[in-house]
*Asks:* 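Below is one structure. I have some questions about it.
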Amino acid sequence: MSKQTHFALFGAVAIAVLTTTSHAYADDSRDGFYAGLAIAGSGVATEEGAGVQQRDNSKTSIGAFAGYKQKVYSNYFIAGEAFINDTSQDRTYSNGDRLSFGTQYGVKAHLGYEANWGSVYAILGAANLDYDVTLNGSTVSESGISPIFGLGTSYQINEKVSANLEYIGTGDSINIAGKSDRGVGLGVVRLGLAYHF
């Protein structure tokens, strides 16, 4: 099982635990601007196949975000957010294989439901995907915008402060090491603290 899969499983379990054990302040939450800092765990992986090993790596670092939340109907809301996660990492293996990923930054929308303890939401957006991958002597480099998808939950600590836990994933298909659609992916689990203005 790849480290990226471990991050996804950790994120899903943590979101489920936080969702089922929280009790607090959604009545105190409100529409408006928010900003915060986060701990970000990122995992990168390439697909195995045709005599090529799966390669993966992970890193724990920091991130920052800012956004605006607006209720649209009853307990349903939408939020727009700009973010940056320090996902930059570089690993070279003994046979010359290499994974190098840059910092992730982008914009995303949260589409969610707010309960009396906080909220759960789906994530859709776009972010920079910057990588340089070498497998079996073949190298592919790319830097561009890629779609991101994920899930999140937030816990309203009080009127001004909330905690959030999210998982977002993105990836690409690359022509490398004798295969035209080998997968490369980046997953990020983010635990953040936000201040609501």
Side-chain angles (χ1 to χ4, degrees), residues 1-15 37-67 79-111 121-152 164-192:
M1 187 180 297
S2 73
K3 291 181 182 177
Q4 184 179 8
T5 305
H6 285 129
F7 276 118
L9 291 175
F10 168 77
V13 170
I15 287 170
L37 298 173
I39 297 171
S42 59
V44 299
T46 62
E47 181 185 2
E48 181 179 7
V52 178
Q53 293 181 348
Q54 175 181 304
R55 296 302 191 183
D56 56 46
N57 196 41
S58 63
K59 174 184 179 178
T60 301
S61 58
I62 59 171
F65 56 93
E81 185 177 294
F83 68 95
I84 184 168
N85 296 315
D86 179 15
T87 55
S88 59
Q89 48 194 294
D90 195 338
R91 180 175 180 186
T92 301
Y93 297 82
S94 59
N95 71 341
D97 287 359
R98 179 172 177 253
L99 295 180
S100 179
F101 278 72
T103 296
Q104 181 187 63
Y105 54 87
V107 293
K108 55 192 174 75
H110 299 171
L111 310 170
Y121 49 91
I123 300 168
L124 301 170
N128 181 56
L129 181 60
D130 179 11
Y131 60 85
D132 186 333
V133 173
T134 299
L135 298 175
N136 279 13
S138 180
T139 300
V140 172
S141 298
E142 186 66 51
S143 181
I145 301 300
S146 180
I148 57 172
F149 306 93
L151 294 172
N164 57 74
L165 179 65
E166 298 181 1
Y167 173 80
I168 57 173
T170 188
D172 200 3
S173 293
I174 56 178
N175 184 1
I176 191 169
K179 188 174 179 182
S180 61
D181 58 353
R182 193 175 301 277
V184 59
L186 168 66
V188 179
V189 175
R190 186 187 84 179
L191 178 61

*Asks:* Any idea which heavy atoms bring Ser146 and Gly171 closest together, and the distance?
*Replies:* OG-O, 3.4 Å

*Asks:* For Arg55, does its backbone N or O pair with a side-chain atom of Thr46 as donor and acceptor, under 3.5 Å?
*Replies:* yes

*Asks:* How close do Thr170 and Pro147 get, counting heavy atoms only, and between which atoms?
*Replies:* OG1-O, 2.7 Å

*Asks:* Name the residue from Val107, Val188, Ile148 that meets the side chain to side chain contact (heavy atoms under 4.5 Å, CB included) definition with Phe83.
*Replies:* Ile148

*Asks:* Do other residues, nucleotides or ligands put more than 12 heavy atoms under 6.0 Å from the CD1 atom of Ile145?
*Replies:* yes

*Asks:* Got a sec, which residues hit side-chain hydrogen bond (donor to acceptor under 3.5 Å, both in side chains) with Asp86, two or more places apart in sequence or on another chain?
*Replies:* Lys59, Ser88

*Asks:* Which residues pass the side chain to side chain contact (heavy atoms under 4.5 Å, CB included) test with Ile39, not counting sequence neighbours?
*Replies:* Thr60

*Asks:* So, using side-chain hydrogen bond (donor to acceptor under 3.5 Å, both in side chains) as the criterion, who are the partners of Thr134 when residues are at least two apart?
*Replies:* Thr139

*Asks:* May I have all residue pairs that pass salt bridge (charged side-chain N to carboxylate O under 4.0 Å, His left out) and include part of residues 131-147, sequence neighbours excluded?
*Replies:* Arg98-Asp132

*Asks:* Could you report the tightest heavy-atom contact between Gly192 and Ala38, atom names first, then the distance?
*Replies:* CA-CB, 3.7 Å

*Asks:* Of all residues at least two apart in sequence or in a different chain, which pass the side-chain hydrogen bond (donor to acceptor under 3.5 Å, both in side chains) check with Asp172?
*Replies:* Tyr131

*Asks:* Any donor and acceptor pair, going by atom type alone, linking the side chain of Thr87 with main-chain N or O of Gly102 inside 3.5 Å?
*Replies:* yes

*Asks:* Holding to side chain to side chain contact (heavy atoms under 4.5 Å, CB included), I want the full list of residues that pass it with Asn128, two or more places apart in sequence or in another chain.
*Replies:* Tyr105, Asp130, Ser143

*Asks:* Return the set of residues passing side-chain hydrogen bond (donor to acceptor under 3.5 Å, both in side chains) with Thr92 (not counting sequence neighbours), or none when no residue passes.
*Replies:* none

*Asks:* Kindly give the heavy-atom pair with the smallest separation between Ser138 and Ile176, and that separation in Å.
*Replies:* O-CD1, 3.1 Å

*Asks:* Between Asn136 and Asp97, is any pair of side-chain heavy atoms under 4.5 Å apart?
*Replies:* yes

*Asks:* What is the minimum heavy-atom distance between Asn85 and Ala40, and which atoms define it?
*Replies:* OD1-CB, 4.1 Å

*Asks:* Who pairs with Ala64 by side chain to side chain contact (heavy atoms under 4.5 Å, CB included), at least two apart in sequence or on another chain?
*Replies:* Leu37, Ile84

*Asks:* Rounded at 0.5 Å granularity, tell me how far CZ in Arg91 sits from CG in Asp56.
*Replies:* 7.0 Å

*Asks:* Evaluate the criterion side-chain contact (heavy atoms from CB on, under 4.5 Å) for residue pair Val189 and Tyr167; output intermediate values, then yes/no.
*Replies:* CA-CA 4 Å; Val189 175; Tyr167 173 80; 3.7 Å; yes

*Asks:* For a 4.5 angstrom cut-off between non-hydrogen side-chain atoms, does Arg182 reach Val52?
*Replies:* yes

*Asks:* Mind checking side chain to side chain contact (heavy atoms under 4.5 Å, CB included) for Ile123 and listing every partner two or more places apart, or none if nothing turns up?
*Replies:* Lys108, His110, Tyr121, Glu166, Ile168

*Asks:* If the condition is ring pair (Phe, Tyr, Trp, His ring centres under 6.0 Å), which residues does Phe65 pass it with, not counting sequence neighbours?
*Replies:* none

*Asks:* Gln104 vs Ser42, test: side-chain hydrogen bond (donor to acceptor under 3.5 Å, both in side chains). Steps then yes/no.
*Replies:* CA-CA 10 Å; Gln104 181 187 63; Ser42 59; over 6 Å; no

